[in-house]
Amino acid sequence: AEYNGTFHYPNKNEVEVVGLVAGDGIGLVEFVLNHDPMIAVSKGYDISISLTADLKNYDCTTVSGTYIITPRPIIISAVANGKVYGSSDPALTHVVKHATDSTAEAIVGSNPNVLNISVAREVGENVGTYTIDVSYTPNSNYSVTTNTAEFTISPLAVNITFTNDA
């Protein structure tokens with residue numbers, strides 16, 4: 001399962017049952033968590049399975065497993081910006097998106113600033129193009145990809161007029 005900022009509990013859709021007669025179901029399945037509820041990324045939480053239904057027609061063997069929570073994949077992108085030579089820098093911004101699901105929240109949980117994201121541009125005040133970089137505080141619950149952007153300083157328009165005052 002992918003990290004989602006809330007408690008994870010396995011469900012019956014994550015149980016593979018092999019060998020039932022067509023039309024038979026497994027009844028109720030109960031998971032026994034060998035730890036506190038799962039909320040963070042891990043290499044695996046041990047899970048035990050027990051059947052709560054009476055299955056007299058079957059000799060059931062349950063196999064415990066490991067429930068793995070993977071980091072949530074996100075992309076942090078700097079937003080392109082610019083200014084005219086001699087003017088003040090505008091505020092730099094960024095966008096955070098889920099890497100594979102455009103409808104999903106990127107940052108989840110109670111702290112939207114968990115990654116302490118910031119953007120800064122390459123130093124320079126002359127006309128030209130400079131890189132806007134993204135920085136963040138790593139967090140094991142997220143797999144982060146960053147994208148830079150360009151900051152463009154355009155020439156200041158100056159009118160030069162010849163005057164003949166002689």
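What's counted below: heavy atoms across the whole structure, side chains too, no hydrogens, waters or symmetry copies.
Contact between Ser135 and Ser118 at its shortest, heavy atoms only, is OG-OG, 2.7 Å. Scanning all heavy atoms of the two residues, the minimum distance from Pro112 to Ile107 falls at O-CG2, 3.8 Å. In terms of heavy-atom proximity, Ser143 sits nearest to Pro71 at N-CB, 3.7 Å. Ala78 approaches Ile132 most closely through the heavy-atom pair CB-CG2, 3.6 Å.
Enclosure of atom CD in Glu125 by more than 12 non-hydrogen atoms of other residues, nucleotides or ligands within 6.0 angstrom is indicated. Atom NZ of Lys83 is surrounded by more than 12 heavy atoms from other residues, nucleotides or ligands within 6.0 Å.
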Derivation and outcome, side chain to side chain contact (heavy atoms under 4.5 Å, CB included), residues Thr148 and Val134: CA-CA 7 Å; Thr148 61; Val134 173; over 6 Å; no
Full working for side chain to side chain contact (heavy atoms under 4.5 Å, CB included) between Leu115 and Thr137: CA-CA 5 Å; Leu115 298 175; Thr137 302; 5.6 Å; no
Determine, step by step, whether Thr129 and Phe151 satisfy the side chain to side chain contact (heavy atoms under 4.5 Å, CB included) criterion, reporting the C-alpha distance in whole Å, the side-chain angles of both residues, the deciding distance to 0.1 Å, and the verdict. CA-CA 6 Å; Thr129 302; Phe151 186 90; over 6 Å; no
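The CG atom of Leu156 lies 10.0 Å from the OG atom of Ser154; values are rounded to the nearest 0.5 Å. Summarising the geometry, atom OH belonging to Tyr136 is positioned 9.5 Å from atom CD1 belonging to Ile117; distances are rounded to the nearest 0.5 Å. Note: His94 NE2 to Thr146 OG1 = 12.0 Å, rounded to the nearest 0.5 Å. Taking CD from Glu150 and CG from Asn81, the interatomic distance works out to 12.0 Å, rounded to the nearest 0.5 Å.
By the 4.5 Å heavy-atom criterion applied to side chains, Ile153 and Arg121 are counted as neighbours. Using a 4.5 Å heavy-atom threshold, the side chains of Asn147 and Ile76 count as separate. For the pair Tyr3/Thr70, no side-chain contact is recorded, criterion being any heavy-atom separation below 4.5 Å from C-beta on.
Formation of a donor-acceptor pair under 3.5 Å by the Glu122 side chain with backbone atoms of Thr131 is found in this model. Here the side chain of Arg72 pairs a donor or acceptor atom with the backbone of Ala106 at under 3.5 angstrom.
Note: the hydrophobic cluster containing Val95 does not contain Val114 (ILVMFWY, side chain heavy atoms under 4.5 Å, direct or indirect links). Residues Val158 and Phe162 do not share a hydrophobic cluster, defined by chaining ILVMFWY side chains whose heavy atoms lie under 4.5 Å apart. Taken together through direct or relayed side-chain contacts under 4.5 Å among Ile, Leu, Val, Met, Phe, Trp and Tyr, Tyr85 and Tyr130 form part of one hydrophobic cluster.
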